[in-house]
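Since the structure comes first, as structure tokens, the remarks are kept for the end.
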Amino acid sequence: MLYLQLALAGVASGSIAALSGLGLVLTYRATGVFNFAHGAVAMFVAYLLWQTNVGWGIPLWIAAPLVLLVGGPGIGVLLERLVFRPLETRGASTSEKLVATLGVFVVLVGLAQTIWGPVHKTDSPNLFPQTSIHLTGELRIGANQLAQLVIVLVSAGVLLAVFRYTHLGTKMRAVVDRRELADLTAVNANRIASLAWALGCGFAGLSGVLLAPQLELDPFRLTLLVIDTFAVAVIARLSSMPLAVVAGIVLGVVQSLSVRWTPPAP
């Protein structure tokens, strides 16, 4: 029963990793850029929620939608418009774009350090109730953990449907494959890229906000923790959203169970 309980806890943490992986895969599939600043964006959005809710006293039901629907996607739009669109316009190589994401990483971490200082925040707001739901016997799952799993499953289903069955998904694939030809067919490549960055950073922000209450919020720890989820995107081959979800959940379960495993003495 203990290991089953640990597995359930791993499913919850794995769901957050899957959300982060979805954001990475989405950005890569739609723009061809692997965003090394993903963890820094997650950290910065988590700080924005702390500032609006705890720092300024704005109710969570107002602060959370504002930060998650405007703050995270807004960062993505700014990155695309100010950093990656100029690089695309002058025909920058993939290596240059990767270096640019590292530059964004450094800027966001430095900006958070400057604004909020080195003092750790231990009162990050929780989006969902911290109550337990009784399943069977002594087996329980937190309401917040269940909510995280539902969010990642719904998000993956919606994104997969958009990419496979909608005109928008076709435009996104066309922009990645041959941006110049997409422009010739009246596809607004800049708008598609901006939307992709907004969605990718939105998922990064959501993963950061969900992770923040589980640890002390500081500019480095949360950033590095989200970077660990890069493995999810790699396992998903930077293309498969269902595989990203499965990989995130499996990794979460394995990490949770490994806490109780002790190697035999030599």
Side-chain angles (χ1 to χ4, degrees), residues 18-42 44-45 65 67-105 107-108 151-152 154-208 230 232-234 236-245:
L19 277 174
S20 179
L22 279 175
L24 284 166
V25 171
L26 172 64
T27 304
Y28 184 82
R29 286 189 62 175
T31 66
V33 178
F34 188 85
N35 184 17
F36 282 106
H38 195 77
V41 172
F44 201 85
V45 174
V67 169
L68 293 174
L69 299 179
V70 179
I75 291 174
V77 171
L78 287 175
L79 291 181
E80 191 280 329
R81 184 65 184 86
L82 301 179
V83 179
F84 297 100
R85 186 180 300 183
L87 289 174
E88 187 67 41
T89 300
R90 70 177 181 83
S93 65
T94 301
S95 299
E96 290 177 289
K97 294 175 184 176
L98 289 177
V99 172
T101 65
L102 291 174
V104 173
F105 173 95
V107 168
L108 288 178
I151 288 173
V152 70
V154 171
S155 299
V158 170
L159 288 176
L160 188 63
V162 167
F163 266 90
R164 287 189 176 180
Y165 305 115
T166 69
H167 191 49
L168 176 60
T170 303
K171 288 181 178 180
M172 285 185 172
R173 293 195 300 272
V175 169
V176 175
D177 293 339
R178 291 294 298 273
R179 187 174 181 126
E180 298 83 1
L181 291 180
D183 285 328
L184 293 175
T185 57
V187 174
N188 191 326
N190 289 332
R191 184 177 299 172
I192 295 298
S194 183
L195 176 61
W197 276 101
L199 290 174
C201 289
F203 277 110
L206 179 58
S207 61
F230 283 7
V232 174
V234 173
R237 298 170 303 202
L238 297 176
S239 61
S240 175
M241 293 183 185
L243 190 55
V245 173

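Between the R85 side chain and the E80 main chain, no donor and acceptor come within less than 3.5 Å of each other.
Nearest heavy-atom pair, V245 versus A156, reported as atom, atom and distance to 0.1 Å: CG2-CB, 3.4 Å. Of all the heavy atoms in L68 and P73, the pair that sits closest is O-CD, 3.1 Å. Taking both residues in full, the closest heavy atoms of G21 and V232 are given as CA-CG1, 4.0 Å, listed atom of the first, atom of the second, then distance.
The CG atom of L238 lies 8.0 Å from the CG atom of L24; values are rounded to the nearest 0.5 Å. Between T27 atom OG1 and L22 atom CG the span is 10.5 Å, to the nearest 0.5 Å.
Considering only residues two or more places apart in sequence or on other chains, A40 meets the side-chain contact (heavy atoms from CB on, under 4.5 Å) condition with F105, L108, V109, T223. With sequence neighbours left out, the side-chain contact (heavy atoms from CB on, under 4.5 Å) criterion links V158 to V154, V162. In this view, P242 and L160, S240 satisfy the side-chain contact (heavy atoms from CB on, under 4.5 Å) rule, not counting sequence neighbours. When the ring-ring contact (aromatic ring centres under 6.0 Å, His included) test is applied to F34, the partners found at least two apart in sequence or on another chain are F36, F230.
Looking at heavy atoms from C-beta onward, R81 lies out of side-chain contact with N190 at the 4.5 angstrom threshold. Looking only at side-chain heavy atoms (C-beta outward), I75 and F44 come within less than 4.5 Å of each other.
Sorted by first and then second residue, the salt bridge (Lys or Arg N to Asp or Glu O under 4.0 Å) pairs involving residues 91-102 (not counting sequence neighbours) are E88-K97, R90-E96.
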Validation: residues 193-207 side-chain donor-acceptor distances under 3.5 Å, sequence neighbours left out:
from	atom 1	to	atom 2	distance (Å)
S207	OG	F203	O	3.3
S207	OG	A204	O	2.7

